[in-house]
Amino acid sequence: MENLMFVYCSCKVIWTLLVTILGYASSLPLGDDSICTAEELAKYSIIFTGKWSQTAFPKQYPLYRPPAQWSSLLGVTHSSDYSMWKKNEYASNGVRDFAEKGEAWVLMKEIEEAGEKIQSVHGIFSAPAITSGTGQTSTELQVHSRHPLVSFVVRIVPSPDWFVGIDSLNLCEGDHWMEEISVDLYPYDAGTDSGFTFSSPNFATIPQDTVTEITCSSPSHPANSFYYPKLKILPPIAQVRMVKLKKNQLGFPIPHLNQPAKSNEILDTYSETPLDCEVSQWSSWGLCRGPCRKTGTKIRTRFVLLHPANNGMPCPSLEEETGCEPDNCV
């Protein structure tokens with residue numbers, strides 16, 4: 001009887017210990033962020049730089065109604081249990097509304113609900129919009145050792161449903177936080193609107209497609225505003241830089257010495273993308289003109305679809321003439 005009681009008590013202790021361990025493990029975030037052993041909190045300055053210039057992206061560059069610009073930046077610090085958006089996966093309703101219309105209410109609601117249900121979100125941050133294609137905006141964010149991942153989105157304006165952003169960037173490297181990191185950003189299609197150009201009308205994608213990266217050759221259609229088939233890769237349309245803020249002796253964060261100030265000034269460090277001239281097909285030949293019983297002439301024309309830029313191939317002749325026999329001569 002004593003042996004049975006000993007076995008029972010031992011099993012009960014082991015079971016209690018196992019439940020405790022499993023409970024603790026389930027409370028930890030999954031993925032690479034679970035091994036972060038850096039100090040509990042870190043604060044960063046995040047600087048977003050728009051590089052959407054007419055020099056780098058001359059094709060159909062929006063000059064008015066509205067001109068090229070960027071929406072506000074909306075981001076979140078989180079664990080691997082949460083995902084704001086992912087390449088090759090379907091965008092949420094919140095990301096769809098933000099990418100198509102710049103409306104953040106539904107996306108904010110999704111973030112708040114994720115934070116309440118599974119404690120996967122540490123904080124939300126935002127930065128002001130940029131009223132031109134080039135310029136900078138900045139804000140600050142705070143990460144936690146159990147929430148070291150950063151995600152954000154910025155809408156490309158105007159566009160059907162295009163955006164730039166970062167998905168789950170880990171700022172923790174084992175036992176320390178990164179001091180500084182810069183990431184080049186390229187355009188993404190949210191998969192919810194089927195427009196090809198910056199100014200395309202709203203045309204919902206049914207059924208919805210996944211989030212895909214827009215490249216110089218995909219979508220492979222001449223009407224696409226980012227279609228540059230002679231390039232191997234698009235130049236970055238934006239860049240983000242995150243700098244860890246240091247603490248002074250009083251415990252208040254102080255900016256990194258090399259941190260740039262917020263600015264909307266146009267920068268001159270953009271690559272030039274050559275844009276070749278594009279022309280229409282030839283029209284039909286016109287009437288043959290000239291005196292009867294003598295060789296006359298007729299012409300056909302074409303027009304410019306896209307003017308060249310940045311030393312691209314110039315336009316060919318827009319008019320062609322050939323000999324002919326006049327019609328309806330008596």
Side-chain angles (χ1 to χ4, degrees), residues 48 50-52 57 59-62 65-76 78 81-115 117 120-121 124-127 129-130 133 137 149-169 183-228 234 236-238 240:
F48 176 88
K51 294 190 172 185
W52 185 18
F57 299 92
K59 188 174 183 181
Q60 302 166 4
Y61 188 81
R65 297 183 181 179
Q69 57 190 277
W70 300 95
S71 77
S72 58
L73 179 151
L74 180 61
V76 59
H78 59 95
D81 295 322
Y82 172 78
S83 175
M84 176 182 266
W85 66 275
K86 281 191 179 298
K87 182 179 177 180
N88 299 326
E89 294 188 7
Y90 293 104
S92 67
N93 290 336
V95 171
R96 178 200 63 202
D97 286 357
F98 192 87
E100 288 188 13
K101 299 174 283 187
E103 296 178 358
W105 188 86
V106 176
L107 182 54
M108 291 280 290
K109 194 72 175 175
E110 291 173 351
I111 295 171
E112 290 173 3
E113 289 176 353
K117 289 181 180 178
S120 58
V121 172
I124 300 174
F125 58 92
S126 64
I130 303 174
T137 186
L149 307 182
V150 175
S151 297
F152 71 82
V153 287
V154 183
R155 181 178 181 244
I156 298 173
V157 183
S159 74
D161 60 342
W162 302 341
F163 68 96
V164 298
I166 276 182
D167 166 38
S168 303
L169 175 66
V183 181
D184 287 333
L185 303 177
Y186 298 89
Y188 281 90
D189 186 322
T192 61
D193 193 293
S194 298
F196 269 127
T197 66
F198 296 120
S199 57
S200 292
N202 184 35
F203 185 63
T205 300
I206 301 175
Q208 180 177 332
D209 203 350
T210 57
V211 175
T212 56
E213 184 176 352
I214 301 172
T215 70
C216 55
S217 58
S218 178
S220 182
H221 195 292
N224 179 22
S225 293
F226 286 112
Y227 186 69
Y228 296 94
L234 283 175
I237 195 171
V240 66

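Side chains included, hydrogens not; waters and symmetry mates left out as well; all remaining heavy atoms used.
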**Request:** Test side chain to side chain contact (heavy atoms under 4.5 Å, CB included) on Tyr227 and Lys59 and set out the steps.
**Result:** CA-CA 8 Å; Tyr227 186 69; Lys59 188 174 183 181; 3.7 Å; yes

**Verdict with reasoning, Phe226 to Phe198, per ring-ring contact (aromatic ring centres under 6.0 Å, His included)** = CA-CA 9 Å; Phe226 286 112; Phe198 296 120; 5.3 Å; yes

**Intermediate values then yes/no, side chain to side chain contact (heavy atoms under 4.5 Å, CB included), Val157 and Trp70** = CA-CA 6 Å; Val157 183; Trp70 300 95; over 6 Å; no

**Message:** For a side chain to side chain contact (heavy atoms under 4.5 Å, CB included) check, start with the C-alpha distance between Val164 and Val240, then their side-chain angles and the critical distance, and finish with the verdict.
**Reply:** CA-CA 10 Å; Val164 298; Val240 66; over 6 Å; no

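The two residues Ser194 and Thr205 have their closest heavy-atom pair at OG-OG1, 2.7 Å. When all heavy atoms are compared, the tightest approach of Pro158 to Ala68 is CD-CA, 4.3 Å. Scanning both residues, Asp81 and Ser120, for their nearest heavy atoms gives CB-CB, 3.7 Å. In plain terms, the two heavy atoms of Ile156 and Pro187 that are nearest each other are CD1-CB, 3.9 Å. When all heavy atoms of Lys51 and Pro236 are compared, the closest pair comes out as CB-O, 3.7 Å. The two residues Ala114 and Tyr82 make their nearest non-hydrogen contact at CB-CD1, 3.5 Å.
Side-chain contact between Asp189 and Asp161: present, with at least one pair of heavy atoms (C-beta onward) separated by less than 4.5 Å. Side chains of Asp167 and Met84 form no contact here, defined as non-hydrogen atoms less than 4.5 Å apart. The shortest distance between side-chain heavy atoms of Thr137 and Val154 does not fall below 4.5 Å. Residues Ser151 and Ser168 form a side-chain contact, since some pair of their non-hydrogen atoms from C-beta on lies under 4.5 Å apart. Between Asn202 and Pro160 the shortest side-chain heavy-atom distance does not fall below 4.5 Å. At a threshold of 4.5 Å between non-hydrogen side-chain atoms, the residues Ile130 and Phe48 count as touching.
With rounding to the nearest 0.5 Å, the separation of CH2 in Trp52 from CG in Leu185 is 14.0 Å. The CZ atom of Arg155 sits 14.0 Å away from atom CG of Leu74, with the distance rounded to the nearest 0.5 Å. A distance of 6.5 Å separates CH2 in Trp162 from OG in Ser200, rounded to the nearest 0.5 Å. Atom-to-atom distance recorded for Trp85:CH2 and Thr210:OG1 is 12.0 Å, nearest 0.5 angstrom. To the nearest 0.5 Å, the span separating CD1 on Ile237 from OH on Tyr188 amounts to 12.5 Å. To the nearest 0.5 Å, atoms CD (Glu213) and CG (Leu234) are separated by 8.0 Å.
No side-chain donor from either of Ser217 and Ser220 sits under 3.5 Å from a side-chain acceptor of the other. Ser225 and Gln60 form a side-chain donor-acceptor contact under 3.5 Å, judged by distance and modelled atom types alone.
Thr215 places a side-chain N or O within 3.5 Å of a backbone atom of Ser218 that can act as its donor or acceptor partner.
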Going by atom type alone, with no hydrogens or angles, which donor-acceptor pairs under 3.5 Å involve a side-chain atom of residues 94-113 and a protein atom two or more places apart or on another chain?
from   : atom 1 : to     : atom 2 : distance (Å)
Arg96  : NH1    : Asn93  : OD1    : 3.3
Glu100 : OE2    : Thr192 : OG1    : 2.7
Glu110 : OE1    : Ser92  : OG     : 2.8
Glu110 : OE2    : Gly94  : N      : 2.9

